[in-house]
Amino acid sequence: MSAIIRFLAVLSSAIGLVGYAEDLKQEKLVIAHYMTDMLPRTEWPLNRWIDPELSDPNGSTSEVGGLQQTVPMASLYLKGADLEQAVDFEIRAARQLGVDGFQFFYPLGENTKMLSKRYNETIREFIRLSETRYPGFRVSVCLCSPNTVEPTTQMQRVALWGAPLGELMEGTEKSAAWLRSEDGNILFFLWVADALAESVSHRANTPDQIREVGAAYQQLADTAGVPIDYVYQIRRFDDDPPYLDAILETFSAVWGWTSSEENEAFWDHVAQRCHETGTTYTQSVYPDYYTSKTYSRDGNHEFLSVEKALASGPSNNERHYRVTNLTGVQVSLLERARERDAALINYITWNDYPEGHHLAPEMAHRFGPALLLRHFKEAWISSDVAVKRDEAVVFYKLYRHELTPDNSFPIFIKSANHDEASEDRIELVTFLTEPAECFLNEHSLGVVQSGLQIHSIPSEVGPIRVRVVRDGNSVIEFEAPTPITDSPLRTDRLTYSFSSAFDREMSLLFPEKTGDGKKP
């Protein structure tokens, strides 16, 4: 087992967390999961998940009110971007929003040509620009879901996937861009990845199986030709000390995924044991969860192509949803990163738009989740946190939970919390340098204290307006561009946000665009 993993990156400075200072280093990083095939390379036809046309209520999927639920800003504004331009934008945006690196989705399936060509080409470009333009930005790989159509042995699987990994490592293995362990080994993440091992069909459930998974991934590292350490995804939350000990003895670090806010006592214990054993505890954080993916309702949870989803109709499909209490889940997980002294925050995700837990700039989330991340990141790194400018941000659902949209998809709630009514609120988060009186839709919230404060009122149909008044002067005033409706066109349980920082964030990302919060 490796010693405690120490991560190095360049500390953000200049404007809050925007920009990096070359001479300062930090140990604590935010690394976001990146869906490699959702790179906004707009010179090519866009991947279905980032194509705004599929969300257009009057477009090709108008019969369901627009099939996609999200509209990535890069797809709207980054016109004609080639590989280099798209990668440059993604790194700039990530650093601006508080992310220090990406771990790239790398599915271990039979299509290794896809890995060798498109995926490796993309990751290599991120490495190149991290070295030449954005020193301190980190790159990792997330090995996912080993699976072959025909039965294969462990050695066959290792040989199959070791080849594209070896190609990725060739000429990059010494790059300073790679996320590394204290031993200098490249650090990879594992996601639903146990089935590489001979004796494991889906998930390792015994200490011996955990050790077999570790041995299988050591074989994969040997085949790729570089020393690799792994961050193991814990998916079994039972009180089983030998099982947990086997994980901590076998792997350098551990992480979770969505649902990390549940099983709180279990994760507290994992963090404690990690600190005792010298394994690195990392904290997973996510802001939202509502899928653009439509799943068949036959129990197989197959997500459907555009054609199948339209042909079968909304009533025969379902969308998946986690009740996140607007900012509640993200805030609680960010607080736990500090309380548990996590070495790393895994942000779920940068750009998995179809699952709705993205941080990347997008027309529903806009920059609201990033404002929270940046504030808590500063508190996580340093206990002395001072709010540098007055900011306010609202979070809300587009309509109350009991309403039935015109194009209604059944919803499958995946979270333990099923209280949808708890999200029928408009939430105001303030970051104030000094106390001020705050108004939400002209409801006075009284004098709100400095620092981060969270208030809410019941959901109200119509525009959402915010005013912050100090000494008789309005210091913040804005209206969210998307109002709450009582006649929803389609099922949409995303959390919407808007903030006083929107124009500033837009001008940094898209200097030539206006920041009115609306589609171009």
Side-chain angles (χ1 to χ4, degrees), residues 33-76 78-81 86 105-115 117-119 122 144-145 147-150 192 288-322 349 351-358 360 362-365 398 404-414 488-494 519:
H33 185 73
Y34 192 99
M35 298 304 292
T36 314
D37 59 350
M38 295 185 203
L39 178 76
R41 187 172 179 173
T42 53
E43 65 171 347
W44 288 356
L46 293 174
N47 179 305
R48 65 172 283 198
W49 302 117
I50 63 173
D51 185 353
E53 196 280 329
L54 292 175
S55 72
D56 185 353
N58 300 309
S60 62
T61 57
S62 60
E63 59 197 273
V64 294
L67 188 62
Q68 305 300 90
Q69 303 285 287
T70 55
V71 181
M73 290 184 185
S75 299
L76 296 175
L78 203 66
K79 298 300 185 184
F105 175 65
Y106 206 83
L108 301 181
E110 289 184 286
N111 187 2
T112 57
K113 284 187 177 180
M114 176 185 70
L115 298 178
K117 294 185 180 297
R118 288 177 46 208
Y119 278 57
T122 297
C144 303
S145 305
N147 181 55
T148 57
V149 175
E150 298 297 328
V192 191
D288 199 9
Y289 194 114
Y290 170 69
T291 66
S292 286
K293 295 176 180 177
T294 55
Y295 296 84
S296 61
R297 304 190 74 193
D298 57 9
N300 293 325
H301 283 184
E302 172 198 6
F303 64 84
L304 305 176
S305 66
V306 172
E307 294 74 21
K308 284 185 177 180
L310 294 177
S312 55
S315 62
N316 295 310
N317 303 327
E318 66 186 21
R319 296 193 190 275
H320 292 178
Y321 173 45
R322 298 188 67 87
T349 57
N351 66 338
D352 198 346
Y353 304 104
E355 293 206 351
H357 42 50
H358 50 280
E362 184 270 329
M363 295 303 291
H365 287 175
L398 193 59
T404 301
D406 292 341
N407 298 279
S408 182
F409 281 84
I411 291 178
F412 173 70
I413 300 178
K414 298 184 69 175
L489 174 67
R490 64 186 182 190
T491 303
D492 183 349
R493 303 312 287 155
L494 286 168
K519 294 182 181 180

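Atom CG in Leu46 sits 12.0 Å away from atom CE in Met38 (nearest 0.5 Å). If you take CG on Asp492 and CZ on Phe409, they are separated by 11.5 Å, rounding to the nearest 0.5 Å. Atom OG1 of Thr122 is separated from atom OH of Tyr34 by 7.5 Å, given to the nearest 0.5 angstrom. Leu304 contributes atom CG, which lies 10.0 Å from atom CG of Leu310 (distance to the nearest 0.5 angstrom). Here the straight-line distance linking atom CG of Asn316 with atom OG1 of Thr294 works out to 11.0 Å at 0.5 Å rounding. The NE2 atom of His358 lies 6.5 Å from the CG atom of Leu494; values are rounded to the nearest 0.5 Å.
Under a 3.5 Å cut-off, the side chain of Glu362 and the backbone N or O of Tyr353 do not form any donor-acceptor pair. In this structure, the side chain of Thr291 does not engage the main chain of Arg319 through any donor-acceptor pair within 3.5 Å. When atom types are taken as modelled, the side chain of Ser145 and the backbone of Pro107 share no donor-acceptor pair closer than 3.5 angstrom. When atom types are taken as modelled, the side chain of Arg490 and the backbone of Gln68 share a donor-acceptor pair closer than 3.5 angstrom. Checked by atom type and distance alone, the side chain of Ser75 never pairs as donor or acceptor with a backbone atom of Pro52 at under 3.5 Å. A donor-acceptor pair is defined here as one N or O able to donate and one able to accept, closer than 3.5 Å; such a pair exists between the side chain of Asn407 and the backbone of Leu489. Side chain of Asn47 to backbone of Asp37: a donor-acceptor contact under 3.5 angstrom is found. Between the side chain of Thr42 and the backbone N or O of Leu78 there is at least one donor-acceptor pair closer than 3.5 Å.
Residues Pro314 and Ser408 come closest through the heavy atom pair CB-O, 3.3 Å. Summarising the geometry of Ala81 relative to Ala86, their closest heavy-atom pair is CB-N, 4.1 Å, with the distance given to 0.1 Å. Closest approach of Thr36 and Phe105 over heavy atoms only: OG1-O, 2.7 Å. When all heavy atoms are compared, the tightest approach of Asn317 to Arg297 is O-CD, 3.1 Å. Shown here for Ala74 and Pro40, the closest heavy-atom pair between the two residues is CB-CB, 3.7 Å.
With a 4.5 Å cut-off on side-chain heavy atoms, Pro72 and Asn351 do not count as touching. Contact check for Glu355 versus Thr349: no side-chain heavy atoms found under the 4.5 Å cut-off.
The side-chain contact (heavy atoms from CB on, under 4.5 Å) search around Lys414 returns Tyr289, His320, Arg322, Phe412, not counting sequence neighbours.
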Can I get a per-line list of side-chain donor-acceptor pairs under 3.5 Å for residues 57-64, giving both atom names and the distance, sequence neighbours left out?
{"residue": "Ser60", "atom": "OG", "partner": "Glu53", "partner atom": "OE1", "Å": "2.7"}
{"residue": "Ser60", "atom": "OG", "partner": "Glu53", "partner atom": "OE2", "Å": "3.2"}
{"residue": "Thr61", "atom": "OG1", "partner": "Leu54", "partner atom": "O", "Å": "3.1"}
{"residue": "Thr61", "atom": "OG1", "partner": "Leu67", "partner atom": "N", "Å": "2.9"}
{"residue": "Ser62", "atom": "OG", "partner": "Gly59", "partner atom": "O", "Å": "3.3"}

